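These numbers come from the heavy atoms of this one structure, side chains and all, not from hydrogens, waters or symmetry mates. Numbers restart at 1 for each chain; the letters A, B, ... are given by sequence-line order, proteins then strands. Source: prediction; values computed, not measured.
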Amino acid sequence: MGAAAAVAGVALAAPGQAAIMALQDDQLPNLSGSALEHRMDLLKSSGTTVTRVDILWRNVAATRPAIGSDPADPAYDWSRYDQIIRGLVVRDITPMLTYYWTPAWASGTGERNAAPRVADAAAFAAAIARRYNGTWPDGIGGTLPLVRRLEIWNEPNIATFWYPQCRRQGGRYVMESARHYSALVAAAYPQVKAVSPTSIVTGGVTGPVGGSVCDKADSSVGTITFAKEMVRQRVPIDAWSTHLYPIGSPRQAYFVPSWKTLPQITGLVDRLRPGAPIYVTETGYHTSYNRYHRYFVSEAQQAAWLDQTAQVAKTYPRVEVAVWFNLQDNPFWTGGLVRRDGSRKPAWARFVARATAIARPATWAP
Amino acid sequence: MVVVVVALTGAVPAGAVVSIGGWGTISADMAGGSLVWADSQPATTTTFTYWRTDASAARVSGNRITEVIKPVTVRTSAGPITGAQIRATGVGRGFTLTASGASFAGPVTWCCTPETLEVVVSSDGDHDAPHPYAAGLDGPRVRWIGTGPSGAVLGAGDPVEYAEREASAPIPGHPGPGLASVAPGIAAWADRGGSSIRFGVPADTGVAGLRDAAQGGTVLEVWAVPAVIAAVVRGGGYRVTRTDVATGGVTVVWRGTVRPRIAVGGSTIAIGAGRAVLTSRHGTARRVGGTRGAIAAVATDGSRVAVFERTSRRARTRTGARTVRITSVRIIGQVR
């Protein structure tokens with residue numbers, strides 16, 4: 001951790017600290033008022049002390065702001081996120097923020113997965129960082145909480161979130177996303193640091209893709225290939241995020257990316273920032289088949305492999321957090337700890353036990 | 001959260017004979033100029049908990065198999081997929097697929113949209129969810145038969161993504177893998193260890209006009225089309241029976257000592273018994289072809305029979321020569 005500790009204003013977890021088992025609820029941004037409060041109560045009852053919150057840029061900025069980096073710009077509507085972040089901190093849950101979904105005005109095509117114009121997306125990162133730097137006035141009095149961890153985008157190596165991945169050039173397709181994303185992180189990093197010096201800017205956030213075959217615009221780019229390009233571009237980061245959805249148990253799965261192959265990723269991250277922490281900001285197992293995830297396990301396996309996830313994460317001192325995705329099932333996602341009808345799967349109790357067994361380090365306090 | 005749709009194409013070479021790696025358990029069907037099959041492979045190693053069923057679809061032109069796609073793969077660590085069943089819809093290369101195991105409820109899927117995307121009609125991971133064992137397209141609805149702790153159900157859904165028009169109604173009995181079949185206007189099933197077939201007209205509210213047809217032995221497999229139900233029956237050897245849906249009359253069309261593979265298309269019953277391929281349009285089955293290897297599955301559209309044959313060959317690998325198991329598919333034409 002030596003070199004990382006030298007990073008100005010970035011305090012990292014103590015060596016040997018077991019990874020925090022955290023839980024994300026993707027429904028938070030879709031709720032408001034008392035429904036949102038109840039939902040955060042449910043999240044709290046899981047025992048999680050850290051969570052990840054998706055800031056849907058498209059929803060916050062339906063129209064183009066005059067000054068994108070100014071959170072007070074009238075184009076922005078932060079009301080839902082202010083309530084989420086206030087509510088989480090009141091419940092002693094540390095939020096980690098990520099942002100994605102490009103507003104129609106910020107891309108050429110208007111599609112939500114369109115690769116954004118770098119200047120606009122970097123300015124929005126700065127707006128988030130400034131609003132939640134601990135000094136921004138809260139409309140209901142006092143200041144809004146400090147949120148230190150900001151992920152730049154979600155799964156930019158997958159066309160569902162970043163399009164195009166590849167671009168036709170001279171009769172063949174070449175990888176486009178990693179270079180474009182690198183430019184975004186490089187532009188966002190100094191702007192975020194300027195308004196929130198203790199922020200931990202997290203890059204990568206790569207989806208679970210192994211090999212790369214650039215043969216069409218919506219191809220997927222492999223985690224390692226994506227990371228290599230970011231190394232080539234010398235992108236500034238404070239932490240690296242990767243998503244792991246192993247096929248097989250956490251101990252069995254051997255493909256890239258999986259827990260076993262995590263050292264391949266950390267080796268590349270060290271070339272960006274030696275010793276930088278690794279955040280596994282999504283992991284989990286689906287308990288039924290759906291078109292988007294054709295691999296599933298039984299509910300009993302999900303529970304057992306949640307335990308294994310915590311055990312395996314513990315063997316990687318660089319991994320500070322493993323975020324289980326998701327709190328509850330929905331038609332697109334059956335990796336929840338709670339079924340669609342609200343009943344709890346066996347994995348719920350395992351998560352509660354794991355989450356509460358690990359003390360959140362002071363560096364992760366809200 | 002990753003949302004990736006994968007449509008594998010050209011995974012299997014096309015031609016007069018198509019080869020599939022391994023000796024998986026095959027379910028197959030033919031209709032409307034297409035051949036579909038589901039290949040459930042056993043786990044490849046003992047240390048990795050993983051099973052899969054690959055569903056492939058091809059066009060059949062004369063006796064050639066062309067334009068093979070593999071649009072659906074069900075992957076799981078929940079247990080071996082023992083009850084995969086595929087049925088051609090007769091529209092394009094469409095099919096319905098169920099892929100359950102003994103210990104888990106697998107999905108019911110319909111393939112495919114014009115973009116070659118499947119629609120998951122039902123998928124329930126709850127421990128007490130019914131295990132779907134058979135599905136078919138019945139007009140605008142995909143209907144399926146499954147068995148859970150509280151008995152058998154007839155489920156239904158639209159082949160439209162997230163249409164949320166699912167229905168489920170109890171039906172009598174406890175069918176298991178291979179013992180149920182759904183086709184336009186008909187649902188048929190037998191209890192595990194039972195000696196009769198129940199059949200009737202499926203609807204969202206259950207099965208109307210329910211009738212029983214005694215088969216004279218333990219029913220091992222059921223395959224229904226609108227006018228005919230074929231069954232494999234054990235008792236004094238093996239038999240293949242034909243039940244006429246209109247009259248309920250049962251006739252034996254084949255007898256033997258090895259368990260046969262069967263399929264029905266039009267009013268033709270195709271039978272793969274040992275290394276012989278036979279068909280029956282009305283009466284006793286007649287031999288129409290043979291194979292060198294054991295028959296893994298047959299399918300028929302009424303005029304042609306697709307035969308899935310298990311063979312092996314010596315192949316050179318990086319670690320030396322070894323025997324490679326292959327399942328090859330070919331078409332026997334004009335079997336009327």
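B/Ser77 and A/Tyr285 share no donor-acceptor pair across their side chains, judged by distance under 3.5 Å alone.
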Go through B/Ser123 and A/Tyr289 one step at a time and tell me if the side-chain contact (heavy atoms from CB on, under 4.5 Å) criterion holds.
-> CA-CA 6 Å; B/Ser123 182; A/Tyr289 177 92; 3.7 Å; yes
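With a 4.5 Å cut-off on non-hydrogen atoms, B/Ser103 does not touch chain A at all.
When all heavy atoms of B/Thr49 and A/Gln252 are compared, the closest pair comes out as OG1-NE2, 3.0 Å. Of all non-hydrogen atoms in A/Ser298 and B/Ala78, the two that sit nearest each other are N-CB, 3.7 Å. When every heavy atom of B/Gly106 is checked against every heavy atom of A/Phe296, the shortest pair comes out as CA-CZ, 4.5 Å.
Note on ring orientation: taking the six-membered ring where Trp is involved, the planes of A/Tyr295 and B/Tyr50 are tilted (angle from 30° to 60°).
Counting heavy-atom neighbours within 6.0 Å of A/Tyr254 OH, excluding the residue itself, gives a total of 12 or less.
Once rounded to the nearest 0.5 Å, the distance linking OG1 of A/Thr287 with NE2 of B/His127 reads 12.5 Å. Taking CD of A/Gln301 as the reference point, atom CZ of B/Phe104 lies at 9.5 Å (rounded to 0.5 Å).
Between chain A and the residues B/Thr109, B/Asp124, B/Asp126, the most heavy-atom pairs under 4.5 angstrom are made by B/Asp126.
Residues A/Arg294 and B/Val74 fail the side-chain proximity criterion, which asks for heavy atoms closer than 4.5 Å.
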